[in-house]
Amino acid sequence: MTEFENDVMVALLPTTTDWCKIELPHLTLVYAGTTDKLSVGTYNEMAKTISSVAMLSGTIGLRTHGVEVFGEEKKVDVIRLKPTAALWSMRNLVSQWDRSEHPFRPHVTVGPQGSTDMPIPSYLTFDRLSVHWGEEQMTFRLGV
């Protein structure tokens, strides 16, 4: 069991994780809510769309844009990312599922506040797109 066992999201996955101190580093494109509020048909629809988006998209390299602290009660260090046209396009293709209460601010979580005790890379590259449905995850390589 994990803290996010019922969450649903679409995320980009990085090619390297040596800068990170969490189990699943990712850039969330959309947070879609929780599994108890969505139908299994939605999961199937998301997987089909994500598969198509991945086939039509190439690897995405994003310039890092500094470190910030996100969160109110549970604070985490994040690396902010400078969005590109390719990232905005990909987000727009999945935005119909967005249920987040926060505006889209591209970032990846490093770990708990105080985790950025190592050099931060200038760029991060993402080569996979995934849909997470609670504990289930379907991942697709970009451009394949």
Side-chain angles (χ1 to χ4, degrees), residues 1-116 120-121 123-144:
M1 296 254 200
T2 66
E3 179 180 354
F4 305 106
E5 68 186 33
N6 294 320
D7 287 342
V8 178
M9 72 173 172
V10 175
L12 283 165
L13 304 178
T15 58
T16 64
T17 61
D18 53 343
W19 46 268
C20 164
K21 295 183 179 178
I22 63 170
E23 188 176 327
L24 179 66
H26 62 278
L27 186 169
T28 303
L29 289 175
V30 294
Y31 172 74
T34 56
T35 56
D36 59 332
K37 294 190 170 60
L38 298 166
S39 71
V40 174
T42 301
Y43 181 43
N44 294 334
E45 182 185 338
M46 290 175 81
K48 183 178 173 183
T49 299
I50 300 314
S51 171
S52 297
V53 171
M55 282 190 285
L56 298 171
S57 303
T59 299
I60 294 179
L62 299 173
R63 185 174 196 72
T64 60
H65 192 56
V67 175
E68 288 185 35
V69 175
F70 279 17
E72 294 172 16
E73 291 178 27
K74 185 177 180 183
K75 296 182 184 286
V76 295
D77 287 344
V78 302
I79 299 173
R80 290 293 310 272
L81 300 166
K82 196 167 186 114
T84 61
L87 180 64
W88 283 116
S89 176
M90 189 177 286
R91 176 164 159 73
N92 287 338
L93 291 170
V94 298
S95 64
Q96 71 265 28
W97 295 299
D98 187 21
R99 300 297 177 268
S100 178
E101 297 175 1
H102 306 286
F104 182 60
R105 294 174 51 195
H107 69 278
V108 290
T109 301
V110 176
Q113 185 176 16
S115 294
T116 52
I120 299 300
Y123 281 87
L124 290 177
T125 303
F126 300 85
D127 66 347
R128 292 159 292 149
L129 185 60
S130 63
V131 59
H132 301 257
W133 185 272
E135 296 291 323
E136 293 185 43
Q137 175 183 336
M138 293 181 86
T139 303
F140 305 92
R141 289 224 171 263
L142 298 177
V144 176

Counterpart residues, side-chain contact (heavy atoms from CB on, under 4.5 Å), relative to [X] (two or more places apart):
X    : result
V76  : F70, V78, T109
K82  : R63, H65
P112 : S115

Please report the closest heavy-atom contact between [X] and [Y], naming both atoms and the distance.
X    : Y   : value
V131 : A47 : CG1-CA, 4.2 Å
V30  : V94 : CG1-O, 3.6 Å
M46  : A32 : CE-CB, 4.1 Å

With a 4.5 Å cut-off on side-chain heavy atoms, are [Y] and [X] touching?
X    : Y    : answer
W97  : T49  : yes
V108 : C20  : no
H102 : T28  : no
I60  : T125 : no

From [atom1] ([X]) to [atom2] ([Y]), nearest 0.5 Å:
X    : Y    : atom1 : atom2 : answer
H107 : L81  : NE2   : CG    : 8.5 Å
L124 : T64  : CG    : OG1   : 6.5 Å
L93  : L56  : CG    : CG    : 8.0 Å
H132 : I50  : NE2   : CD1   : 10.0 Å
L27  : L62  : CG    : CG    : 6.5 Å
M90  : L142 : CE    : CG    : 5.0 Å

Under the side chain to side chain donor-acceptor pair (under 3.5 Å) test, residues paired with T139 that sit two or more places apart: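 Partners of T139 under the side chain to side chain donor-acceptor pair (under 3.5 Å) test: Q137.
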
Mind jotting down which residue pairs meet the salt bridge (charged side-chain N to carboxylate O under 4.0 Å, His left out) criterion with at least one end in [range]? Sequence neighbours excluded, please.
range            : answer
residues 30-58   : none
residues 102-111 : E68-R105
residues 85-95   : R91-D98

Flag, side chain of [X] to backbone of [Y], donor-acceptor distance under 3.5 Å:
X    : Y    : result
R128 : P14  : yes
D77  : G114 : yes
S89  : A86  : no

CA sep, side-chain torsions, deciding dist, call: V8, T34, side chain to side chain contact (heavy atoms under 4.5 Å, CB included): CA-CA 5 Å; V8 178; T34 56; 5.8 Å; no

Pairs where residues 71-91 contributes a residue and the test ring-ring contact (aromatic ring centres under 6.0 Å, His included) is met, not counting sequence neighbours: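 Sorted pair list: W88-F104.
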
ring-ring contact (aromatic ring centres under 6.0 Å, His included) partners for Y43, two or more places apart: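 Per chain and number, Y43 pairs via ring-ring contact (aromatic ring centres under 6.0 Å, His included) with W133.
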
By ring-ring contact (aromatic ring centres under 6.0 Å, His included) - contacts of H26 (at least two apart):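 ring-ring contact (aromatic ring centres under 6.0 Å, His included) check on H26 returns nothing, list empty.
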
Pairing residues for D127 by the salt bridge (charged side-chain N to carboxylate O under 4.0 Å, His left out) criterion, not counting sequence neighbours: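 Scan of D127 (salt bridge (charged side-chain N to carboxylate O under 4.0 Å, His left out), adjacent residues dropped) gives R141.
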
Pair T42-S39, side-chain donor/acceptor within less than 3.5 Å: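 A donor-acceptor contact under 3.5 Å links the two side chains.
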
Pairs involving residues 9-22, ordered by first then second residue, that meet side-chain hydrogen bond (donor to acceptor under 3.5 Å, both in side chains) (sequence neighbours left out):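 Checked against side-chain hydrogen bond (donor to acceptor under 3.5 Å, both in side chains) - neighbours excluded - the pairs reaching residues 9-22 are K21-D117.
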
